[in-house]
Every structure is written in C-alpha cells, then in structure tokens.
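Note that this is a predicted model, so its numbers are computed, not measured.
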Amino acid sequence: QVQLVESGGGLVQPGGSLTLSCAASGSLFFGDMAWYRQAPGKPRELVARIRRGARTNYADSVKGRFTISRDNAKNTVYLQMNTLKPEDTAVYYCNADLFTSATLNFRVGTSWGQGIQVTVSS
C-alpha cells in the first residue's frame, strides 16, 4: 500500500508564510511529485510539480512566491509558500507518480494524499 501524508497547513495572515510537507511511503517508487489545490466551488488545479531530477514548474499564480523541493532519500516533497494571499486559501493535495523500481522504467499509476487545509485570512 502507498500512502502520502501531508502536514504543515493551517491559518496564516496575508503576507505570511507556510511550508507544506508530504511524506510518501510504500512498496513502490516515486517519480514526479506535485502539489495541487482545490478551493470551494472550484476545480482542482496544479500548483507546482517537481521531477525526480529536480526540474520544476509552477502555476502562473504562484510563480515567484512558492517553491517546491524534494528529498528523494526521504521520499518527501515540500512546498514553501511565501507572501500568501487570501486567494491561496484551499485544500492542498500531494501527488506522486508511482513506478515499479528505482529506475522508473514502468509507471503503474498515481497516488494522492488526503489533503490539508491552508487558510489565508486576516
């Protein structure tokens, strides 16, 4: 069984910072990892993605404010969120592509965390 567990969410004032962590565990191996978010009444959207080789991409709305990083030895991905805005309020979900071996030569699916609330409010 594969499990992704997010932590680090909470309530923060506009302009503040939070760091989210996602620890992945299980018998499979993890390729690309990403953070998504979903605000009430809106579809889930990609926030940031990081490849195993550390190449990254970001949604335009968070460029320059958020930084995604990973520790492959710990199977953990992070999202450093700075200069937070009320529109960043959402449930944030961790995502990981799953492979059968460390060589990442056969993708078998995608795993999701349960989500963690981030609320930006004064």
Side-chain angles (χ1 to χ4, degrees):
Q1 184 177 1
V2 172
Q3 186 177 29
L4 275 61
V5 179
E6 302 103 336
S7 62
L11 175 65
V12 65
Q13 294 184 349
S17 298
L18 284 174
T19 299
L20 304 182
S21 299
C22 172
S25 62
S27 60
L28 296 176
F29 298 83
F30 304 95
D32 291 3
M33 302 184 78
W35 288 97
Y36 290 73
R37 68 186 181 187
Q38 187 169 25
K42 296 184 178 180
R44 187 174 299 186
E45 65 176 353
L46 176 67
V47 177
R49 184 184 301 279
I50 184 167
R51 299 183 180 183
R52 188 167 180 90
R55 292 189 298 272
T56 60
N57 66 280
Y58 298 90
D60 288 342
S61 59
V62 307
K63 286 181 179 177
R65 299 189 297 119
F66 290 12
T67 302
I68 189 170
S69 61
R70 66 189 294 166
D71 185 335
N72 290 333
K74 297 180 179 179
N75 291 327
T76 301
V77 63
Y78 307 91
L79 186 68
Q80 175 67 47
M81 304 184 293
N82 298 322
T83 319
L84 283 160
K85 304 175 180 180
E87 50 263 45
D88 295 318
T89 296
V91 176
Y92 285 70
Y93 297 89
C94 182
N95 173 268
D97 285 342
L98 307 177
F99 292 82
T100 58
S101 73
T103 60
L104 306 182
N105 60 342
F106 189 79
R107 183 181 180 274
V108 297
T110 298
S111 182
W112 291 90
Q114 292 299 305
I116 189 166
Q117 180 70 46
V118 172
T119 301
V120 184
S121 177
S122 60

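Side chains of Leu20 and Glu6 form no contact here, defined as non-hydrogen atoms less than 4.5 Å apart. Between Leu98 and Phe30 there is a side-chain heavy-atom pair separated by less than 4.5 Å.
Minimum heavy-atom separation, Val2 to Ser111: CG1-OG, 3.6 Å. Across every non-hydrogen atom of Leu18 and Gly10, the tightest pair is CD1-O, 4.0 Å. Nearest heavy atoms, Cys94 versus Val77: SG-CG1, 3.6 Å. When all heavy atoms are compared, the tightest approach of Ala24 to Met33 is CB-CE, 4.1 Å.
Atom CZ of Arg49 and atom OG1 of Thr56 lie 11.5 Å apart (nearest 0.5 Å). The CE atom of Met81 sits 11.0 Å away from atom OG1 of Thr67, with the distance rounded to the nearest 0.5 Å. If you take CG on Asp97 and CZ on Arg51, they are separated by 10.5 Å, rounding to the nearest 0.5 Å. Here Leu104 contributes atom CG and Phe29 contributes atom CZ; the two are 9.0 Å apart, rounded to the nearest 0.5 Å. Of the inter-residue distances, the one linking Lys74 atom NZ with Ser25 atom OG reads 15.0 Å to the nearest 0.5 angstrom.
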Show your reasoning for whether side chain to side chain contact (heavy atoms under 4.5 Å, CB included) applies to Ser61 and Arg37.
-> CA-CA 12 Å; Ser61 59; Arg37 68 186 181 187; 3.4 Å; yes
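Other residues, nucleotides and ligands contribute more than 12 heavy atoms inside 6.0 Å of the CD atom of Glu45. Residue-environment remark: CD (Gln1) stays at or below the threshold of 12 foreign heavy atoms within 6.0 Å.
Note: the hydrophobic cluster containing Tyr78 does not contain Trp35 (ILVMFWY, side chain heavy atoms under 4.5 Å, direct or indirect links). Hydrophobic clustering of Ile, Leu, Val, Met, Phe, Trp and Tyr side chains at less than 4.5 Å, counting indirect connections, keeps Phe99 apart from Leu4. Using a 4.5 Å cut-off between side-chain heavy atoms of Ile, Leu, Val, Met, Phe, Trp and Tyr, with links allowed through other members, Phe66 and Ile68 fall into the same hydrophobic cluster. Under the 4.5 Å side-chain heavy-atom criterion for ILVMFWY residues, a single connected hydrophobic cluster contains both Val12 and Leu79.
Between Asp88 and Lys85, no side-chain nitrogen of the basic residue sits less than 4.0 Å from a carboxylate oxygen of the acidic one, so the salt-bridge criterion is not met.
Between the Thr89 side chain and the Val120 main chain, a donor and an acceptor come within less than 3.5 Å of each other. The closest donor-acceptor contact from the side chain of Asn72 to the backbone of Arg52 lies under 3.5 Å.
Side-chain atoms of Ser122 and Gln13 include no donor-acceptor pair closer than 3.5 Å. A donor and an acceptor atom, one from each side chain of Ser121 and Thr119, are nowhere located under 3.5 Å apart.
Through chains of ILVMFWY side-chain contacts below 4.5 Å, Leu46 is grouped with Tyr36, Val91, Tyr93, Trp112. Cluster note: Leu11 groups with no other residue, as no ILVMFWY side-chain heavy atom lies under 4.5 Å from it.
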